[in-house]
Amino acid sequence: VQLVESGGGLVQPGGSLRLSCAASGFTLDYYAFGWFRQAPGKEREAVSCISTDGISTTYAISTKGRFTTSRDNAKNTVFLQMNGLKPEDTAVYYCAAGLELSSKSYTYNYWGQGTQVTVSS
């Protein structure tokens with residue numbers, strides 16, 4: 001089982017990034033996915049999550065209206081489109097797979113290694 005995030009990088013405030021989470025070694029269809037982030041010196045926080053069929057999504061208040069999560073089960077990939085990025089969005093972003101739609105990190109079974117997002121001018 002492996003989750004690999006990509007798409008992070010350095011972007012100016014107001015810019016956009018699209019993160020991808022490629023899954024292998026298990027059937028994506030049975031798992032909900034969450035995106036989490038952790039900034040230096042801060043606790044890991046939930047950014048968004050998406051149900052197995054992609055119909056239900058939830059977002060942190062700080063990201064709602066700016067971030068959109070989606071999934072392509074046929075391609076074993078989950079996405080996080082981030083628009084209107086702010087310096088406070090700077091963090092390592094992780095994707096995670098679990099059997100229930102949840103914003104609680106302990107409910108997720110599998111985690112990626114993370115990708116750095118830095119928002120700075």
Side-chain angles (χ1 to χ4, degrees):
V1 174
Q2 190 174 24
L3 299 177
V4 179
E5 301 97 336
S6 61
L10 174 64
V11 64
Q12 292 186 342
S16 299
L17 284 174
R18 189 192 196 202
L19 304 184
S20 298
C21 172
S24 61
F26 66 103
T27 303
L28 207 72
D29 305 45
Y30 303 128
Y31 287 83
F33 274 78
W35 285 96
F36 294 80
R37 67 185 181 187
Q38 188 166 19
K42 295 187 177 181
E43 292 187 356
R44 186 172 298 186
E45 63 172 348
V47 173
S48 71
C49 54
I50 186 167
S51 59
T52 55
D53 56 9
I55 293 177
S56 298
T57 56
T58 64
Y59 296 93
I61 293 174
S62 60
T63 66
K64 201 167 186 178
R66 300 187 297 124
F67 291 10
T68 303
T69 188
S70 61
R71 62 191 293 161
D72 186 339
N73 287 354
K75 296 183 178 179
N76 279 3
T77 306
V78 181
F79 304 97
L80 182 67
Q81 177 67 43
M82 305 186 294
N83 299 327
L85 283 162
K86 305 175 181 180
E88 51 264 43
D89 294 318
T90 296
V92 178
Y93 283 70
Y94 301 88
C95 67
L99 296 177
E100 62 178 282
L101 186 65
S102 170
S103 62
K104 305 297 184 184
S105 60
Y106 61 80
T107 65
Y108 289 87
N109 306 97
Y110 306 116
W111 290 81
Q113 83 290 347
T115 185
Q116 177 71 46
V117 172
T118 302
V119 185
S120 175
S121 56

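Rounded to the nearest 0.5 angstrom, Arg44 CZ and Arg37 CZ are separated by 13.0 Å.
Other residues, nucleotides and ligands contribute over 12 non-hydrogen atoms within 6.0 Å of the CD atom of Glu88.
You'll find the side chain of Tyr93 stays beyond 4.5 Å of the side chain of Glu5, heavy atoms only. Here the side chains of Thr58 and Lys64 are not in contact, with every heavy-atom distance at 4.5 Å or above. Between Thr57 and Ser48 there is no side-chain heavy-atom pair separated by less than 4.5 Å. No side-chain heavy atom of Ser105 sits less than 4.5 Å from a side-chain heavy atom of Glu43. The shortest distance between side-chain heavy atoms of Thr69 and Tyr59 falls below 4.5 Å. Looking at heavy atoms from C-beta onward, Tyr31 lies in side-chain contact with Leu99 at the 4.5 angstrom threshold. Side chains of Trp35 and Phe67 form no contact here, defined as non-hydrogen atoms less than 4.5 Å apart.
Ring geometry, Phe26 versus Phe33: the interplanar angle falls under 30°, so the pair is classed parallel (tilted spans 30 to 60°).
Smallest separation of non-hydrogen atoms from Ala91 and Ala39: CB-N, 3.8 Å. Contact record, Ser16 with Gly84: OG-N, 4.4 Å, taken as the closest heavy-atom pair. Nearest heavy-atom pair, Thr52 versus Asp29, reported as atom, atom and distance to 0.1 Å: CB-O, 3.2 Å. The two atoms that bring Phe36 and Ala96 nearest to each other are CE1-CB, 4.3 Å, heavy atoms only. The minimum heavy-atom distance between Ala32 and Tyr108, with the atom names listed, is O-CE2, 4.0 Å. The nearest pair of heavy atoms linking Gly98 to Asn109 is CA-OD1, 3.5 Å.
Every residue two or more places apart in sequence or in another chain that forms a side-chain contact (heavy atoms from CB on, under 4.5 Å) with Arg66 is listed here: Thr63, Lys86, Asp89. Residues satisfying the side-chain contact (heavy atoms from CB on, under 4.5 Å) criterion with Lys75, sequence neighbours excluded, are Asp72, Thr77. For Cys21, the disulfide bond (SG atoms under 2.5 Å apart) partners at least two apart in sequence or on another chain are Cys95. With sequence neighbours excluded, the residues satisfying side-chain contact (heavy atoms from CB on, under 4.5 Å) with Ser120 are Leu10, Thr118.
Sorted by first and then second residue, the disulfide (SG to SG under 2.5 Å) pairs involving residues 51-94 (not counting sequence neighbours) form an empty list. Evaluation of the disulfide (SG to SG under 2.5 Å) test over residues 37-78, restricted to residues two or more places apart or in two chains, returns none.
Counting only distance, with no hydrogens or angles, the side chain of Arg71 and the backbone of Leu28 share a donor-acceptor pair below 3.5 Å.
The hydrophobic cluster containing Leu19 does not contain Tyr94, counting ILVMFWY residues as joined when their side-chain heavy atoms lie under 4.5 angstrom apart, directly or transitively.
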